[in-house]
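Below is one structure, written out as C-alpha cells, with a few remarks after it.
Just so you know, ligand 1 is whichever comes first in the structure, and atom 1 is the first atom listed for that ligand.
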Amino acid sequence: MAKFLPLTALWLAALVLSVPPGLASEPMHFYARPANGLALTPPMGWNSWNHFGCHVNAALIEREARAMVSSGMKAAGYRYVIIDDCWQGARGPNGNIHADRKRFPQGMKAVVDAVHALGLKFGIYSDAGAETCQGRPGGRGHEYQDALTYARWGVDYLKYDWCNTGGERPRTAYATMADALRATGRPIVFSLCDWGVRAPWRWGAAAGGNLWRTTPDIWDSWSGHHGFAIGMLNILDRQVGLAHYAGPGHWNDPDMLEIGNGGMTQAQYRAQFSLWAMLAAPLIAGNDLTHMDAQTRAILTNREVIAVDQDRLGIEGQPVYRHGAAEIWVRPLTGGREAVVLLNRGTQPLSMRLTWSELGLPSYLPVQLRDLWRHRDLPVATHAVRFHVAPTSVIMLTETPVRPGHSG
Ligand code: GLA
C-alpha cells in the first residue's frame with residue numbers, strides 16, 4: 001500500500017498543477033455545451049472600438065456598413081458590422097436594455113435592419129459583469145432577457161466582455177450567456193472576451209464560445225505596451241502553444257486589426273494581416289472604413305491572404321523556426337499545401353533561408369512557392385530558398401508540392 005502513496009501524491013499534484021488558474025473553484029457539474037454550428041471559418045468583419053472608442057452612434061455605424069460594401073470589403077468576405085461598448089442607455093422599468101436614445105434615436109433595431117439591408121450581419125457588445133468596461137449596464141442577472149432583446153433586434157454576433165465581474169467564474173458566466181443565446185433560437189456567434197486571463201482556450205468551446213480573446217487589448221504598435229494594451233508582436237508571442245485549441249467553430253482571438261489606424265508602417269500592417277491569417281484569427285478590421293487609403297484597402301482585401309485565414313481545415317499555424325529577429329511560421333492548408341510567413345522582427349534587413357525540412361518536406365521535392373503580397377509565382381525549387389526580408393516586415397508564401405506529371 002505504502003508503495004502506492006508517493007504515486008498517488010504525484011498524481012494529485014499533477015492534477016492540481018494542470019488546473020488553470022480560476023478553474024479550481026469551478027463547480028464539478030459543468031458540462032460541455034454542444035457546438036452551435038457557427039463560425040466554421042474565423043469570423044470577418046469590422047468593430048467600432050479601435051478607431052472610435054466610445055464615440056458610436058447610429059449614423060456612424062450605418063456609414064461604416066455602407067463603406068464595407070463600397071470599399072470592396074464585403075466582396076472580399078467581411079460580413080459582421082460590430083458595435084462595441086457605449087451603445088447602451090439605461091434599462092427600462094422591466095429591466096429591458098435600450099440603446100442610448102440620443103445616439104440611436106430610432107432604436108437599435110433600425111440600425112440592425114439597415115445593416116441587414118446591405119447583405120451584412122450585425123454584432124453587438126455587452127459584458128458579463130454588472131457594468132461594461134465603460135460603465136454602461138452589463139448583462140449580469142439579465143442574460144436571458146438581453147439575449148431575447150438581441151434576438152428580437154436581429155443581432156447575429158455577441159462580444160461579451162469581462163469588466164466588473166467581481167466574484168463571477170468565467171466558465172460558468174460565459175456558459176450561462178451561451179445557453180441564453182441558444183434559447184432564443186437565433187443563430188448568434190458568441191465571442192468571449194476575458195483577455196486570456198483565465199486560459200479561455202481550455203474551456204471556451206465547452207462554455208459555448210465560438211472565439212475567445214487570448215490577450216489584453218491590442219495597442220497600435222509593432223511592439224511594447226501602453227498601460228493594459230500590448231503591441232502586435234507581444235500579442236503574437238502569446239499565441240505560441242495555443243494552436244491545438246483552435247478549429248472550425250472555435251477560434252483563438254488575438255484581438256482586432258489595427259490596419260489603417262496609423263500607429264504602424266504599411267509593412268508592419270501587412271505583417272499583422274499575414275500573421276493573423278497564419279493564426280486562423282478572426283479578421284475584424286478596426287479602422288475608419290469611410291476614409292481608407294488605397295494601401296490600407298489593398299491590405300485588408302488581399303484575397304490570397306484572406307484565403308489562408310479562411311482555409312477550411314481550420315488548422316492554426318505555428319512557428320517552426322525562431323532565432324534572434326528571424327521567425328518562420330507554417331500553417332497547413334487544404335490540398336496538401338502550406339502557408340509560410342518569414343518574419344523579421346528587428347530593425348536590420350535579414351537574409352533568411354527557408355529549408356524544406358522546416359516545411360516538413362523531403363529536400364528533393366520540387367515545390368512551387370507563391371508570394372501572396374507580390375501576387376507572383378516563384379521559380380519551382382528544391383531543398384531551400386533564400387529571401388531578403390526588410391526590417392519589421394514579413395514575406396508571405398504558399399507552398400504547393402509539384403507532383404509527378406504536373407509541370408511547375
Ligand atoms: C475591453 C475590451 C476591448 C473593448 C473595450 C470596450 O477593454 O477588451 O476590446 O471592447 O473593453 O470598453
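For ligand 1, the atoms lying closer than 4.0 Å to a non-hydrogen atom of Trp195 are 1 (C), 2 (C), 8 (O). Close contacts between ligand 1 and Cys133 involve ligand atoms 1 (C), 11 (O), 12 (O) [criterion: under 4.0 Å to a heavy atom]. The Gln134 neighbourhood of ligand 1 comprises atoms 12 (O), with distances under 4.0 Å to a heavy atom of that residue.
Cation-pi geometry between Arg186 and Tyr150 is not met: the NZ or CZ atom fails to fall both under 6.0 Å from the ring centre and inside 45° of the normal.
The shortest separation from a heavy atom of Tyr125 to ligand 1 is under 4.0 Å, placing the residue in contact.
A side-chain donor from one of Trp195 and Asp161 sits under 3.5 Å from a side-chain acceptor of the other. Side-chain N/O atoms of Gln268 and Thr392 include a donor and acceptor closer than 3.5 Å. Using a 3.5 Å distance cut-off with no hydrogens or angles, the side chains of Tyr269 and Asp220 do pair a donor with an acceptor. Gln88 and Asp100 share no donor-acceptor pair across their side chains, judged by distance under 3.5 Å alone.
Residue-level proximity to ligand 1 for Cys193 is carried by the side chain, the only part with a heavy atom below 4.0 angstrom.
Any N or O atom pair closer than 3.5 Å counts here, and Trp49 shares no such pair with ligand 1. Distances between N or O atoms of Asp255 and those of ligand 1 include no value under 3.5 Å.
Nearest protein heavy-atom neighbour of atom 4 (C) of ligand 1: Asp84 OD1, 3.4 Å. The shortest contact between atom 3 (C) of ligand 1 and any protein heavy atom is with Asp217 OD2, 3.5 Å. Annotation: atom 1 (C) of ligand 1 to nearest protein heavy atom, Asp161 OD2, 3.0 Å. If you check which protein heavy atom lies closest to atom 12 (O) of ligand 1, you get Asp85 OD2, 2.8 Å. Distance from atom 9 (O) of ligand 1 to its nearest protein heavy atom, with residue and atom name: Lys159 NZ, 2.8 Å.
Asn164 places a side-chain N or O within 3.5 Å of a backbone atom of Glu131 that can act as its donor or acceptor partner. At distances below 3.5 Å, not a single donor-acceptor pair connects side-chain atoms of Asn210 with backbone N or O atoms of Val189.
Salt-bridge check for Asp237 with Arg322: passed, with a basic side-chain N closer than 4.0 Å to an acidic carboxylate O.
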